[in-house]
Structure formats: structure tokens, C-alpha cells
Asks: 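Starting off with a structure, shown below.
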Amino acid sequence: MTWLKHSYASKLPNTLFSSQEPEPVSNPSIALFNEVLANDLGVADYLKERDVLKFLSGNEIVEDSLPIAQAYGGHQFGHFNRLGDGRAVLLGEIKARDGLYDLQLKGSGQTPYSRRGDGRATFYSMLREYLISEAMHALRIPTTRSLAVVQTTDKVYREQVNEGAVLSRIAASHIRVGTFEYARYFGEEGDLEALLQYTIQRHYPELFDHQNHALALLEKVMTKQKDLIIDWLRVGFIHGVMNTDNVTISGETIDYGPCAFMNAYHPKTVFSSIDREGRYAFANQPNIGFWNMRVFANALLPLIDKNEEVGKVKAQEVLEDFPDDFSKAYFKMMGDKLGIVNQEESIRDLVQECMLILVNQKIDYTNFFNELRRGGEIIDKLQMEEAFTAWYAKWQVARLRDTTLEASEALMIKNNPVVIPRNHMVEEVLNSAVYGNMKPFHEFLKELSTPYDDTTAIQFVPLNYDAGYQTFCGT
Ligand code: AMP
Ligand code: MG
């Protein structure tokens, strides 16, 4: 049986990738293996029969794998650069029940796209990606996933000397907005069209019925990105580096470098050490999502219409819906968090007033919505504020409008996680892990696997922890 397919390499022009074998690592050992995911993908039995360690470390090329590094470009903090997998190789695609999934090794050595990078990844940051991407999946948020982390004894030099690791990443695909930018600006005649047809075939075959495939894909990806960012805002997630090379066409969250979850609500919350202007701040994510979709539209332009000016008009007609659609979806989502089953126009005022109270009082974003339903210290304290009691009375009326308390509570439970990857916990378990104790990591991972269990205790949050918290790219 051939278990890996190679549709990317076999169907796309070779300007879009380079053959590249992973570079061997020293003394690999399996630090984490995701059995549930292996089962979901239908490859558990296959993997059991093989020396997983050898091929997930990149030390051996598994039969029928055809490793490639993908080329892509990307607008990084607004500036266009020529990029590509600088420290990753795609071994091939797994055929699961619901379609193809990329199996990629990350931290697997240099490639033609490494620029000045060493092609490696630290054990710490690959554990971080594993933890947070699995948490996102449990939160029902589309995401790439982690099949395994292989630890090595190779040294990886960043600000300090680190242990190295190779992560096996699973994704519906690694096609990014930046892949389209690459095909448009560095590809040869026909490359962009080939990429478009491949992408539709792989992700959205229903779009073949549309007259204008490029425009239909733009519209689809806009919807996917809108829904994704709404989900991020729902759980307090800050991606941290929404460059167009980190925006997937599948609508999955990708690249867990500098991301973090917000504790106290503030729209300008930023953790990434290099995001000094707050380009990727919590509440700026919708604006950047829109900006990224404009970049996508530009890349697709020659396929939208032969006449570029006509193409621009057609793209604009699709793009201009984004802000309104986003805003509607945002208030609907916040209304759901507040347990308001029958939402009316007035929901906007109710949400905005609520957020103002949270900012002014520096209230924990996650715990607030839980305590609003079950009661607790936060609410007890807020009840002493006039602005809050007035709001609370309006909320009570709104949530019981033409519905039952049970229905309102069920909606709140469904939309408000109790457990998220709190920054201090993430650091604590990762620090233990790099010193050889994986137990806290596993315990936390388990807690994160049922984030909506409303019988779980509300998480403790250290006061002002966020103020000094920083995250990093490319570690
Ligand atoms: P990121 O900030 O992770 O989105 O990475 C941006 C680009 O830099 C991508 O093309 C990565 O493949 C590349 N890159 C990041 N870290 C390394 C590294 N250690 N070695 C080589 N390339 C890297
Ligand atoms: Mg990236």
C-alpha cells in the first residue's frame, strides 16, 4: 500500500517547490506522539508497523515519501518578501477519510529557502506549538495539528543554547496566501492558474461550478478567514504574526510562534517581541485579516479578469463585503458568549458597553463570561459598580427575551471556554519539560482537551502577568 500521496509535487509546476530531503539529527527520541490524531487520520496501524522515530526525525526517508520544500512569498509586517519552507519539508499527503492531509516535518534542516536560517527548531517552541495547536483543536477552532515531537541532542542557537526538535505537522494543506503571491510574482506563465485549479480541487471542488473560479476562491477564503478570526476573538487568542505567509487557504490557524492568549481584556494586547506598533494586536486582527484578503485579491487579479482594471472592480465588489460581514458575525458571536438567544439590533450596544466595563476594570476575558453565568468573585466586585449593575439588568432582560434560562445557559457554555492555555501555565509546563519532566505538560494538555466542560474550576490568573510577558518568532 502506498500511504503517502504526492499531489502537490505531481500536479504543480516545479517553480513552486524544490526536492529536499530532511537533514539527519542526533540521538532522536519521541517526546510526544498524538495517538488520537493518528487514529483520526486512519494511519495508526500503519505507523505501528514502522519505526516512527526514524522517519519522523527525518533520519530515514520512509518508502514512498518524496520530500519537498514549498516555495512561497509573503507580506511580513506589510513588506513583500520571497520566502518558502526554510526549515520544513513535506513528506507527502496522507489520505484520510475526509481528504488529503499534509505530513510535514518542521525543524528538519536547511532548504533552498532558508536564507540565513539554520533550518532548525527548538524543543521548547515545538512543544509550545504542539500544546497550543492541540488546545485550539479542542476549542473547535480550525488549526494545523501536531502528530509528534521528536527531541534531538543537537544544539540550536537562539538567544540561548537550546535543545533541538522536529515537529510533525498535519495540515489540510500548507497552501497560503503567500503561495499565490509567489506564483503570481515569481512563477512562470500558467503557474498561477495551475495553483488555482489545484487549490480548488483540493479544498473547494464545489467552486468549479462558478463561472469565475478566482473570484469564487477569493470569496470562499474571505469567509473562512472571517470565521477563523471570529473564533480567535471568541477565545481571546492573539495570533501574533498574521503575515500573508501565515494565512492558509484552508482557513486553518497556522504558525504558533508568537501567539498567546489574553488574560485581562484589552483590545490593544500584544505579546510578540517584534510587534512594536501593535499591527497584530488582539482587536486589530479583523483589520489585518481584511488587509491580507486584499493582498490575496491582488495576487489573483490576472485570473479574475484578463483586463486588470475590470479585475480590480470585480475583486473590489467581493472585498467590500468583508467589514460589514465581519461586524455582523462579531456581534452575533459576542451575543452568543453572553447567552442571548434572540438577538436584536440592540445587541451591539449591550456588547460594546460590556467590553468597556471589562477594559476599564481590567477584567479577565475568559473568566468573566464563565462567572457571569455561574457567579463568582469578579461579578461580586463588579456589582459594586453602577455602570455594571445597570448593564447587568439590561443583560438579564435580553437573555430571557422569548427564551428560557436553560437555553441561554447552554449557549454560554457552548461558546465560552473555561480552560485556555494561560501564559503562565504554558511557560511553567514548558520549562519543566525542557528540564526533563513532561508530567506537568501532559496534565495541562489533558485539561486543555475539554475546554468547555462547565464543571471545571475557573482558572487562576496571576495579577498583571501579561504586563511582562513576551513571545518570539522563528524559535
Ligand atoms: P515564520 O516567522 O515562522 O512565519 O517564518 C518566516 C519564514 O522564515 C518562513 O519562510 C520560515 O520557513 C523561515 N524560517 C523561520 N525560522 C527559520 C530557521 N530557523 N531556519 C530557516 N528558515 C526559517
Ligand atoms: Mg510561518
Side-chain angles (χ1 to χ4, degrees), residues 16-18 20-23 25 58 67-90 102 104-126 128-130 132-133 136 143-146 152 154-167 169-171 173-183 185-186 225 228 238-250 252-260 270-276 279-280 288 292 295 470-475:
L16 293 180
F17 61 89
S18 305
Q20 177 65 54
E21 293 198 356
E23 286 175 0
V25 294
I68 59 164
Q70 295 178 332
Y72 50 86
H75 276 79
Q76 298 178 298
F77 288 88
H79 305 284
F80 186 59
N81 291 311
R82 190 171 181 152
L83 306 166
D85 290 330
R87 54 165 169 173
V89 293
L90 177 69
D102 281 4
Q104 191 199 58
L105 300 185
K106 180 171 169 184
S108 53
Q110 288 179 320
T111 77
Y113 314 107
S114 296
R115 296 173 295 161
R116 282 178 304 270
D118 61 3
R120 292 301 182 192
T122 64
F123 182 50
Y124 174 95
S125 62
M126 294 306 96
R128 193 172 197 275
E129 169 153 349
Y130 189 109
I132 302 185
S133 62
M136 291 291 268
T143 177
T144 64
R145 298 191 60 189
S146 306
T152 79
D154 295 323
K155 298 291 171 245
V156 177
Y157 299 91
R158 296 291 180 260
E159 301 214 322
Q160 306 145 323
V161 185
N162 297 272
E163 299 269 276
V166 179
L167 175 90
R169 180 159 72 183
I170 302 292
S173 86
H174 285 84
I175 306 170
R176 311 141 192 266
V177 166
T179 316
F180 280 84
E181 293 178 85
Y182 190 94
Y185 302 113
F186 305 117
Q225 286 297 323
L228 180 64
I238 302 161
H239 182 280
V241 62
M242 291 171 70
N243 296 332
T244 54
D245 49 304
N246 293 331
V247 178
T248 59
I249 299 303
S250 66
E252 289 179 332
T253 311
I254 195 171
D255 200 323
Y256 284 88
C259 68
V270 174
F271 295 109
S272 168
S273 59
I274 57 169
D275 190 5
R276 294 192 191 90
R279 181 180 170 90
Y280 302 131
I288 292 293
N292 288 340
V295 169
Q470 273 203 327
T471 57
F472 302 90
C473 291
T475 46

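One-based numbering, in listed order, for ligands and for the atoms of each. Quantities reported herein were computed from a predicted structural model and do not represent experimental measurements.
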Asks: What residue and atom, counting heavy atoms only, is the protein's closest point to atom 10 (O) of ligand 1, and at what distance?
Replies: Gly84 O, 2.6 Å
Asks: Measuring from atom CG of Leu83 to atom OH of Tyr72, what distance do you get when rounded to the nearest 0.5 angstrom?
Replies: 6.5 Å
Asks: About how many Å separate CG of Asn292 and NE2 of His75, when rounded to the nearest 0.5 Å?
Replies: 9.5 Å
Asks: Would you say Tyr256 and Thr144 are linked by a side-chain donor-acceptor pair, where the criterion is simply a distance under 3.5 Å?
Replies: no
Asks: Return yes or no for this condition: an N or O of Arg158 is under 3.5 Å from an N or O of ligand 1.
Replies: yes
Asks: Report yes or no: does Gly257 have a heavy atom closer than 4.0 Å to ligand 1?
Replies: no
Asks: Looking only at protein heavy atoms, which one is nearest to atom 19 (N) of ligand 1, and what is the separation?
Replies: Asp118 OD1, 2.9 Å
Asks: Do any nitrogen or oxygen atoms of Tyr113 come within less than 3.5 Å of a nitrogen or oxygen of ligand 1?
Replies: no
Asks: So if I count the atoms of ligand 1 from 1 in the order they appear, which ones are less than 4.0 Å from some heavy atom of Gly119?
Replies: 18 (C), 19 (N), 20 (N), 21 (C)
Asks: Using heavy-atom distances only, which candidate in Gly474, Gly86, Cys473 approaches atom 22 (N) of ligand 1 most closely?
Replies: Gly86
Asks: Could you tell me if any non-hydrogen atom of Arg116 lies under 4.0 Å from any atom of ligand 1?
Replies: no
Asks: Among protein heavy atoms, which lies nearest atom 1 (P) of ligand 1, and at what distance?
Replies: Asp255 OD2, 3.3 Å
Asks: So is Asn246 touching ligand 1 or not, going by heavy atoms under 4.0 Å?
Replies: yes
Asks: Below 4.0 angstrom, N of the basic side chain to O of the carboxylate: do Arg158 and Asp118 qualify?
Replies: yes
Asks: Could you list which atoms of ligand 1 come closer than 4.0 Å to a heavy atom of Leu83?
Replies: 10 (O)
Asks: What part of Tyr72, side chain from CB on, backbone N/CA/C/O, both or neither, has a heavy atom under 4.0 Å from ligand 1?
Replies: side chain
Asks: Could you tell me whether the side chains of Ser146 and Ser133 share a donor-acceptor contact shorter than 3.5 Å?
Replies: yes
Asks: So is Arg115 touching ligand 1 or not, going by heavy atoms under 4.0 Å?
Replies: yes
Asks: If you scan the protein for heavy atoms around atom 5 (O) of ligand 1, do you find one that is closer than 4.0 Å?
Replies: no
Asks: Give the minimum heavy-atom separation between Asp102 and Gln70, together with the two atoms involved.
Replies: OD2-NE2, 4.3 Å
Asks: Could you tell me which N, O or S atom of Asp255 is nearest to the Mg ion (ligand 2)?
Replies: OD2
Asks: Quick one: CD on Gln110 to CZ on Arg87, what's the gap to the nearest 0.5 Å?
Replies: 12.0 Å
Asks: So, Ser108 side chain and Gly58 main chain: donor-acceptor pair closer than 3.5 Å or not?
Replies: no
Asks: Please confirm whether the backbone N or O of Pro258 pairs with a side-chain atom of Thr471, one donor and one acceptor, at under 3.5 Å?
Replies: yes
Asks: Return the CD1 to OG1 distance between Ile132 and Thr143, rounded to the nearest 0.5 Å.
Replies: 10.0 Å
Asks: Using 2.8 Å as a strict upper limit, say whether an N, O or S atom of Asn243 approaches the Mg ion (ligand 2) that closely.
Replies: no
Asks: Show which atoms of ligand 1 fall inside a sub-4.0 Å distance from at least one heavy-atom site of Gln76.
Replies: 6 (C)
Asks: One residue to check: Asp245. Relative to ligand 1, which of side chain, backbone, both or neither has a non-hydrogen atom less than 4.0 Å away?
Replies: side chain
Asks: So between Lys106, Arg120, Arg87, whose heavy atom ends up nearest atom 23 (C) of ligand 1?
Replies: Arg87
Asks: Could you give the distance from OH (Tyr182) to CG (Leu16), rounded to the nearest 0.5 Å?
Replies: 7.5 Å
Asks: We want to know whether Thr244 and Glu181 form a side-chain donor-acceptor pair, criterion being a heavy-atom distance below 3.5 angstrom.
Replies: yes
